There are 2 protein chains.
Amino acid sequence: MNYEEAKNRFISTWGSLGTLWGINKAMAQIHALLLISPEPLSMEDIMEELHISRGNTSMNLRQLMDWGIVFKENKIGERKEYFTSEKNVQELARQIAKERSRRELQPTIKILNDVSNIDDDGSSKTKELIKQTKALHEMAETLDIMMNKVVGQGNNWITKALVKLVK
Amino acid sequence: MNYEEAKNRFISTWGSLGTLWGINKAMAQIHALLLISPEPLSMEDIMEELHISRGNTSMNLRQLMDWGIVFKENKIGERKEYFTSEKNVQELARQIAKERSRRELQPTIKILNDVSNIDDDGSSKTKELIKQTKALHEMAETLDIMMNKVVGQGNNWITKALVKLVK
DNA sequence: TCAAACTTTCAAAAATTATTGAAAATTAAA
DNA sequence: TTTAATTTTCAATAATTTTTGAAAGTTTGA
């Protein structure tokens, strides 16, 4: 496998994987491209490399910046904007975990809490609803802690210790 | 909030959340319904409760069974099939983690490994590709271990210890 | 100020994914 | 067997999501 093949393989894998951490194909592919590019890329560069339209590129770059994993960069004397990705994969994971927690987990926790606190009228279906949503609530909170603390903290000793412990 | 409201709130939340752990709305809603139902439900019950078609119900139940989180149950003297969900949320998490590892993470790890092992021709772009895919590979393996061992193992002492440690 | 370089927006089109419903298949009782 | 109950399949349709591209907007330098 040569460079071009490997690059394309990586970009398309990352792209299809994207859907599964909650971002669309183009967005994930742009991210993949920036991640392995030694130099910042312009919008033109990205459009050309991935064969996607200007609008698509613009919108998805914005979203990546909202996620905090892609940054604008300006080259002096150039009008064009250039983009880079967060290159440190630990920091990348931290940022993604943080955002997913904020966007998905926390709202869910809130609702699970509300639902699990309805009045117990003594019926078996109410009891079951309360029991299960309470259990999910607890699990979601544990997950939230793990995402924010374990993956999160700059200190990654916990993860290391854990992997050693368990491997 | 009364029972009906709480139930609907839970089902629709779980439904929209579904997309984000990789399953579609109907599938997640069926799962939610079974999770809080004290009794096994028939296909008719599910169709009626969620207002979805027979075909849709049938297909999504099958997928839930493929995931190993919903089971068929037969009532004696009845022709109809009934369905229940795995009710233990720890076990549910374990099963989901296991399946996601198998379906998504492991194939990705394989590709990251292939890509990161191309020949280094000395160019900066090849170096960067190798460096970044190696880092992702390592991270993906750590994640895989965590999903299968930490969430996975019946013994949940690790998780408990961890939460205590870090909370 | 104007004009050129560049980016963003957004309605329309395309692509993808989910859902329906009726016909075919299966199952089990008579 | 035959028949009735039930489930599965799958082509057609609907709903949703993504992408395009051109017009509108913005920024900068002359």
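Small disclaimer: the values here were computed from a predicted structure and weren't measured. Lettering follows sequence order; numbering is per chain, from 1.
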Side-chain atoms of B:Arg79 come closest, of C:dG21, C:dA29, C:dT8, to C:dA29
By nearest-nucleotide position on DNA chain C, the 5'-leaning member of A:Arg62 and B:Ile23 is A:Arg62
Assuming nearest nucleotide by heavy-atom distance, tell me which of B:Lys25 and A:Thr57 is located more 5' along DNA chain D. B:Lys25
How long is the line joining CE of A:Met43 and P of C:dC6, in whole Å? 11 Å
Begin from the C-alpha positions of B:Arg102 and B:Glu99 and carry the test salt bridge (charged side-chain N to carboxylate O under 4.0 Å, His left out) through to its verdict. CA-CA 5 Å; B:Arg102 185 176 68 76; B:Glu99 284 294 309; 2.8 Å; yes
Rounded distance (Å) that lies between atom P of D:dT17 and atom CD of A:Gln63: 13 Å
Would you mind reading off the distance between B:Gln29 atom CD and C:dT19 atom C1', rounded to a whole angstrom? 13 Å
Report yes or no: does A:Asn113 contribute a side-chain atom to a donor-acceptor pair with the main-chain N or O of A:Lys110 at less than 3.5 Å? no
Determine the contact category for A:Asn24: base if any of its heavy atoms lies under 4.0 Å from a base atom, sugar-phosphate if only primed atoms, P, OP1 or OP2 are that close, otherwise nothing. sugar-phosphate
Side chain of B:Ser53, heavy atoms from C-beta onward: which of D:dG21, C:dT19, D:dT8 has the nearest atom to it? C:dT19
Of the nucleotides D:dT9, C:dT8, D:dT7, which one has an atom closest to the side chain of B:Met59? D:dT9
Rounded interatomic separation in angstrom, taking CG from B:Leu61 and C1' from C:dT19: 15 Å
Between D:dT19, D:dT7, C:dT8, which one does the side chain of B:Glu81 approach most closely? D:dT7
Which heavy atom of A:Leu34 sits nearest to which heavy atom of A:Phe83, and what is that distance? CD2-O, 3.3 Å
Would you mind checking if A:Arg94 and A:Glu86 are paired as a salt bridge, meaning a charged N to carboxylate O distance below 4.0 Å? no
